[in-house]
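Have a look at the structure below, then the notes.
Note that the structure is predicted; figures quoted are calculated from it, not measured. As a basis for the values below, the full set of heavy atoms in this structure was taken, side chains included, without hydrogen atoms, waters or symmetry mates. By convention in this document, chain letters (A, B, ...) are assigned in the order of the sequence lines, proteins followed by strands, and residues within each chain are numbered from 1.
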Amino acid sequence: MPEKIRFFPVELTYRIENDRAVIHIFGRTEKNEQICVIDDNFEPYFYVVPKKGKDVQEKLEKIRVEREKEISAVTRTETIQKKFLGRDVEAIKVYTRLPRDVPIIRETIKEWDIIESANEYDIQFRIRYLIDKNITPLTLTEAEGDFVSQRSRVPVFKAVNVKQYSDDSLEKPRVLAFDIETYSPAGKVIAPDKNPIIMLSFYGENFEKVITWKRFKTSLPYIEFVDSEAELLDAFKNVINHYKPDILAGYFSDEFDMPYIRTRADKYKIKLDIGLDYSELKVKHGKAVVSDITGITHLDLFKFVVKTMGGTFDIEAYSLNNIASELIGEKKMEVNLDELSPVWDKNPEQLEKFCRYNLHDSALAFRLCEKLLPNMTELVKIIGLPLYDINRMGFSQLVESYLLKQAPNFNEIAPEKPHNEAIKQRRMQTYKGAFVFEPKPGLYRDIAVFDYRSLYPSIISSHNIDPGMLNCSCCKGEAKLTPIEDEEKEKYWFCIKRKGFIPTIIEDLITRRMRIKEILKEKKSPLLSAREYSLKLLANSFYGYLGFFAARWYSIECARAVTAWGRHYIQDVISKAQKAGFNVIYSDTDSVFLALEKKTKKDAEQFVEKINLELPGLMELEYEGLYPNGIFVSAKAGEAGAKKKYAMLSEEGTLKIRGFEMVRRNWSPIAKDVQEKVLNIILRENNKEKALNYVREVIKDLKEKKIPMDKVVIHTQLQKETGDYAAIGPHVAIAKKLKEKGLEIGAGFMIKYVVTKGKEKIRDRAKLPEDVKEGGYDADYYIENQVIPAVERIFNVLGYTKEDLGWGEGQKKLGKFF
DNA sequence: GGCTCCCGGGG
DNA sequence: GTGTACGGGAGCC
């Protein structure tokens, strides 16, 4: 008699056992125990769409391909009525024995001239399983079968039937956060192959631990001493095995902690078999590095923050410190990490504070995970992919995964991913973007900002913008033409009789979100606001997706139509604002900035209300806020317009800075300092004279060599061996000289240099800081190439000349504003 | 004006 | 592995 169990799937994979693909679903039962449910009843397949009147089926069934002594063959085929971009097609569902046969078979038929296309041959087998079985990870699922005996860290249940049971979801997955500290002398680059891990910390529910392999006196109960790095790595495994987390969370752990741990374990030939099936921690080096443990979801919170949440907050860098302060209001512990290695070598009695620092980072990762998990979980529930995947996906992938999940409900076959040629073609195509009302560069006071809520999604829905609805023969001459202004482009339309696949889906997302917002007005719920946010995120990503060259449902006509209608609607607000007597100073895509001047905040709010009364159902203009001070600058020196480059001071006193590209580490500290200081003086103190004098002072100090050397040191890392460079930049020139001196200089080394005076190329004037005596730097270089570019756009709008800055005649030309 | 190289995060 | 996913700025060539 088969047994029934219920569980929350967390992660899944597949293995080949006895020549069959077996899905392994890892999860937690209702009784809160970890489990692995296996299912060998799912066949790999893909679709073939034959050309009209061609008999393809028989030929398909005869395929046999030999690769590396393995035979790939089609096991059976089915003819099936499907839709492709809204059109009815007769497709063949082609089954194979193993998942890996799918791409092989597709490869052998791709040149056949009797087929229209092959489709859905590149959907991962585990994802195909979730889609076809309609199983959503983290959501209560029922399996029918029996427990079997199999080598595994958790009980294994062999299922004959697996199906979604209810909408209940795993409330509290078990989370363990971790972080490592490594031996890393000051100024030296991080080198996993050379330098050991010296500390490792974990933070979980009622659990904190720091493991280190140098002993010192401490009363901290969570510190555990071991005798070597190899023992520390063993402890890493043991802690995970005993804690039994569903989720192992880190910050930048995909690309730092995990690869580091992997490299160190390999050095000692330690098996990192922490997978629930005893498989090893896998670090995969692709374009981005990802680290994967079978059965345990490894989350890299950095990736989620950067890829998905990024746009929502206003920070200059995605460091753990910034993100933690922004999201959970906590900072990292202040510690000078340059001291860690010397202390480790010479003063181990001082290691305790580094242990606390190490634990605190894990604690931050843990709380960040708690904070972000509702957002990720909601995306899991909406899109239907495991957490692991959601964590690492960008917007386009989220949209595409959602469409792939929805396609069967509409009986749609997914289009192929574009291949090389198509991508090249698509990349060359351009279209007109959003409308930008170019501001007159300058300083403004009392700026009221409005924006359309979900402008593009509501356009896609209300204008039925969909690749399959384009230029239908049924509505020719009847449907409204897309309002593209470009005369050379042919006008086109979208069907008004049928609703497209994408508009249907997006409308569903918008209305679901609206319902949630209604509930949220009544009472707060973190869960619902996470869902609301996820729905918004997803809906907002469709437009970009339609114009993304690598998208399956790519359609430049659709993308072009969205921006065309967008321009139409924003221009409408602008003209109405002007008619109402407002001074429109700036507008971009879906937002309008008004300088209030003689009008009041109340006038602005009333204006928005009035606009909203006239807007069709889904569309809404929002009052974003009032900014007492703002500066709008031109994009490049001398250029008139200024797209997306402004800084404003909010009523709450925070600076909102847009478009001033981050001055990064390969800039000198003096350039960073000056940019930040100038914006602050102008917006907070409202004193351009003071800002001017400040820069003038800095320029003077540079010329008089009063700015200390450490403010002009530029850091650049060598990315490859010195001999491998085609172009010799300043840092490469330095590296070559160092090498000639017999120093060990290779890829990864951090080069610090100072540019000195001379007429040669910059690379010939770049010197090591220690080879330049105090004041030996080239003041002109730092003024012209560092300080001035950092503030040029700002002073641009203030209209000062170079004489005003004390950088007068007879000097090298600096651009007309100085 | 193209092409090449670097940055991010982490210690 | 039912494969190939950044995007923008500076300096050399």
Seminar exercise, completed: Against the side chain of A:Tyr251, the closest entry in B:dG11, B:dG10, C:dA5 is B:dG10
For this session: Could you state the atom-to-atom distance from CD1 of A:Ile751 to P of B:dC5 in whole Å?
Result: 15 Å
Exercise. Is the distance from OP1 or OP2 of B:dC6 to the nearest side-chain N or O of A:His731 less than 4.0 Å?
Worked result: yes
For this session: Could you work out the separation of B:dG9 and C:dG8 based on their P atoms and round it to a whole Å?
Result: 16 Å
Seminar exercise, completed: Picking from C:dG1, C:dC13, B:dC7, the nucleotide nearest the side-chain atoms of A:Thr716 would be B:dC7
For this session: Send over the distance from A:Phe46 CZ to C:dG1 P, rounded to a whole Å.
Result: 20 Å
Exercise. Do the non-hydrogen side-chain atoms of A:Tyr318 and A:Glu326 ever get within less than 4.5 Å of each other?
Worked result: no
Exercise. Does OP1 or OP2 of C:dC13 have a side-chain N or O of A:Arg763 closer than 4.0 Å?
Worked result: yes
Problem set entry | Rounded interatomic separation in angstrom, taking CZ from A:Arg15 and C1' from C:dG1 | 17 Å
Exercise. If you measure from the P atom in C:dA5 to the same atom in C:dG1, how many Å do you get, rounded?
Worked result: 10 Å
Exercise. Any side-chain heavy atom of A:Arg765 within less than 4.5 Å of one from A:Tyr781?
Worked result: yes
Problem set entry | Distance-minimising heavy-atom pair for A:Met393 and A:Ser401 | SD-OG, 3.7 Å
For this session: For the side chain of A:Ala727, starting at C-beta, report the closest nucleotide among B:dG11, B:dG9, C:dC13.
Result: C:dC13
Exercise. NA contact type, A:Asp179, heavy-atom cut-off 4.0 Å: base, sugar-phosphate, or nothing?
Worked result: sugar-phosphate
Problem set entry | Base B:dG11 paired with A:Ser184 side chain (donor-acceptor, <3.5 Å) | yes
For this session: Classify the nucleic acid contact of A:Tyr545 as base, sugar-phosphate or nothing, counting any heavy atom under 4.0 Å across all strands shown.
Result: nothing
Exercise. So what does A:Ile127 touch, heavy atoms closer than 4.0 Å: a base, only the sugar-phosphate, or nothing?
Worked result: nothing
Exercise. With a non-hydrogen cut-off below 4.0 angstrom, is A:Pro99 in contact with a base, only sugar-phosphate, or nothing?
Worked result: base
For this session: Report which part of the nucleic acid A:Tyr14 touches: base, sugar-phosphate, or nothing (heavy-atom distance under 4.0 Å, all strands).
Result: sugar-phosphate
Exercise. Of all the nucleotides listed (C:dG1, C:dA5, C:dT4), which has the minimum atom distance to the side chain of A:Lys417?
Worked result: C:dT4
Exercise. Is there a donor-acceptor pair closer than 3.5 Å between any side-chain N or O of A:Lys307 and the backbone N or O of A:Arg392?
Worked result: yes
Problem set entry | Student check: side-chain heavy atoms of A:Tyr357 and A:Glu181 closer than 4.5 Å | yes
Seminar exercise, completed: Closest of C:dC13, B:dG9, C:dG11 to the A:Phe302 side chain is B:dG9
For this session: Would you indicate, yes or no, if B:dG9 has its OP1 or OP2 atom less than 4.0 angstrom from a side-chain nitrogen or oxygen of A:Lys332?
Result: no
Exercise. From the list C:dA10, C:dA5, C:dG1, which nucleotide is the closest neighbour of the side chain of A:Trp667?
Worked result: C:dA10
For this session: When you get a sec, tell me which of B:dC6, B:dG11, C:dC12 is the closest nucleotide to the side chain of A:Tyr725?
Result: B:dC6
Exercise. For A:Glu255, which contact category applies under a 4.0 Å heavy-atom criterion: base, sugar-phosphate, or nothing?
Worked result: nothing
Problem set entry | d(CZ, A:Arg427; C1', C:dG7) in whole Å | 11 Å
Problem set entry | Interatomic distance where CG belongs to A:Asp254 and P belongs to C:dC6 [whole Å] | 15 Å
For this session: Kindly point out which of C:dC13, B:dG11, B:dG9 is positioned nearest to the side chain of A:Asp361?
Result: B:dG11
Problem set entry | Other residues, nucleotides, ligands: >12 heavy atoms within 6.0 Å of A:Lys371 NZ | no
Exercise. A:Ile762 has an atom CD1; how far is it from atom P of C:dC12, in whole Å?
Worked result: 5 Å
For this session: Check the distance between C:dG1's C1' and A:Glu107's CD and give it to me in whole angstrom.
Result: 13 Å
Exercise. A:Pro730 has a side chain; which of C:dG11, B:dG10, C:dG1 sits nearest to it?
Worked result: C:dG11
Problem set entry | Side chains of A:Asp277 and A:His24 in contact at under 4.5 Å (non-hydrogen atoms) | no
Exercise. When we call it a touch if two heavy atoms are under 4.0 Å apart, what does A:Ile104 touch: a base, just sugar-phosphate, or nothing?
Worked result: nothing
Exercise. Over how many whole Å does the gap from A:Asp764 atom CG to C:dG11 atom C1' extend?
Worked result: 13 Å
